[in-house]
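What you see is a predicted model, and the numbers here were worked out from it, not measured in a lab. Every chain is numbered from 1, with letters handed out A, B, ... down the list of sequences.
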Amino acid sequence: MITEVLWWIFAAGIVASAAGVVFSRSVIHSAIFLIVALAGVGAMYVFLQIEFLALVQFLIYGGAVTVLILLALMLTRTAAGTPRGVSLTGPHWPFALLVGSGLAAVLVGAATATVWPGDQGKPSLLPIGRVGERLFTDFGAAFIVVTAVLLVALVGAIIIARQEGSE
Amino acid sequence: MTELQFGEPWFGIPWLDAILRILVVVGVMTFTVIYLTYGERKVVARFQMRLGPMRTGPYGIFQGIADAVKLLVKEDIRPRAADRWVFEFAPYATFIPVFLVLIVLPFARDWGVRNLTLGLFYVFAILGLNIVGILMAGLGSGNKYALLGGVRAAAQMISYEIPLVVSLLAVAMVAGTLDLNAIALNQADRPYVLLQPLAFVIFFTAMLSELHRAPFDIPVAESEIVGGYFVEYSGIRWSMFQLAEYASLWAFSIFGSVVFLGGWAFPKGDDWPWPWQLFLTFVKSLGFILVVMWVRATMPRLRIDQLMNFCWKVLIEVSFALLIVNGIFLYYDWPHELLALVNWAGAIALLGFIGARGARKARVSQYVGLYRREGVTAP
């Protein structure tokens with residue numbers, strides 16, 4: 001009962017801070033709202049008793065949001081944000097709406113169409129060693145490919161962000 | 001692996017038990033932080049052949065309490081250029097992660113707030129979050145020095161987190177568990193610092209950097225950027241940053257003593273009763289803190305480029321090499337003595353490399369400015 005009430009409070013908080021990410025006028029505020037939303041998702045994992053995923057969420061996104069703030073500072077050069085009265089949306093907004101609602105439709109459709117196996121007992125009792133075995137032994141090659149793609153994307157982002165001719 | 005029971009809940013009620021344990025840990029933490037500020041001033045003073053605080057009480061032992069009272073009643077100022085909410089929430093965002101880490105630290109057998117099977121992972125997942133608070137303080141203050149301090153802190157902490165985590169992973173590989181109590185219990189015969197000295201050296205260096213202690217106190221360098229990210233804070237908000245800094249020093253020292261020095265379990269911790277275990281934790285963490293202060297009193301501050309080069313070109317490579325060597329040894333079940341030998345060689349090589357680089361003479365080909373105009377040549 002009390003868990004359910006807490007669950008709804010956290011869900012409302014996540015939605016509110018996600019709206020804050022979209023509607024706030026400063027990049028810095030957006031990033032801070034983003035970390036509140038992501039931490040809320042981490043708390044959701046705690047409610048679902050998957051501590052491992054909750055910790056992964058905190059570890060990855062804590063660092064990721066910091067990097068995001070730094071990149072925002074490097075790329076936009078205006079930490080102060082858009083002044084009031086200036087529209088936040090650019091001319092591309094119909095396309096953004098299309099992509100956003102399309103993605104939401106796909107996710108909601110997938111979530112409702114899947115038949116979930118139901119209550120499988122306490123997931124927190126999953127042996128972490130087994131997860132590691134699956135990830136690094138059974139899917140080792142896929143894992144390495146994904147890390148390589150991420151690394152290339154990171155290096156590319158940094159090169160675009162630096163935009164220096166020569167030192 | 002040994003099954004560990006983390007004590008029965010007090011009074012048999014889990015939530016009351018949790019609240020009571022948290023209250024005890026917070027009380028001890030506040031007291032420790034007040035006395036760490038006093039202790040640091042005293043220790044550094046002795047290193048510099050001064051007396052340190054002497055006026056408040058015998059040998060100045062009430063100095064910490066006097067400081068705390070002064071900070072609490074000081075006016076809390078918010079600059080007009082500051083970004084209001086970011087500025088006001090930054091101290092909390094810095095402090096809360098440090099406080100959360102205290103939950104899993106085992107002070108004695110069966111004595112911590114909670115024991116998690118993923119304790120080690122929890123510690124470094126949560127510790128990464130206080131960068132956000134520091135960055136918020138830097139960005140929200142509306143001050144160029146604070147911004148510089150915050151961005152420096154972010155760059156430094158993100159970089160040094162990698163060798164820190166990898167060196168801890170190396171130990172976790174040898175221990176075969178992420179449970180802090182089980183790690184301590186595994187060291188009942190010999191602490192892991194003997195088995196993994198290279199990991200210890202990397203951990204200690206990265207820890208100094210994560211804590212912004214000298215010689216890595218670049219984000220809070222008074223002589224360069226006035227005071228870093230908390231330059232605009234005063235009164236109780238400033239004291240929250242101070243509290244977070246000393247509390248994380250304390251948390252790191254207990255964490256390091258559990259992972260590397262055997263925590264409450266070495267020597268004889270499992271056979272003798274809890275006062276001995278508490279005493280072991282106390283002595284080991286105190287030793288850790290003293291070495292941190294000793295380093296602060298001895299070493300000059302690095303430059304930011306030296307700091308980044310040292311992390312990305314030395315520490316990360318060495319820590320990954322350590323991880324690979326550990327993996328090979330453990331996979332093929334080669335003897336632990338050989339692993340320890342290789343590790344010792346690595347640790348001595350790393351320290352020797354640092355020493356050799358530090359002892360190099362500065363290469364000055366030509367002076368600049370006034371010296372050049374006056375025609376002074378380099379020696």
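With a 4.5 angstrom heavy-atom cutoff, B:Leu127 does not touch chain A via any of its atoms. The contact between A:Ile35 and chain B is made entirely by side chain atoms (from C-beta outward), counting heavy-atom distances below 4.5 Å. Residue B:Met157 does not touch chain A at all, counting heavy-atom pairs closer than 4.5 Å.
Between A:Leu55 and B:Tyr122, the closest heavy-atom pair is CD2-CD1, 3.5 Å. Nearest heavy-atom pair, A:Phe52 versus B:Leu118, reported as atom, atom and distance to 0.1 Å: CA-CD1, 3.7 Å. The two residues B:Ala125 and A:Leu59 come nearest to each other via the heavy atoms CA-CD1, 3.6 Å.
The CD1 atom of A:Ile32 sits 10.5 Å away from atom CZ of B:Phe89, with the distance rounded to the nearest 0.5 Å.
Within a 6.0 Å sphere centred on CZ of A:Phe47, other residues, nucleotides and ligands contribute more than 12 heavy atoms.
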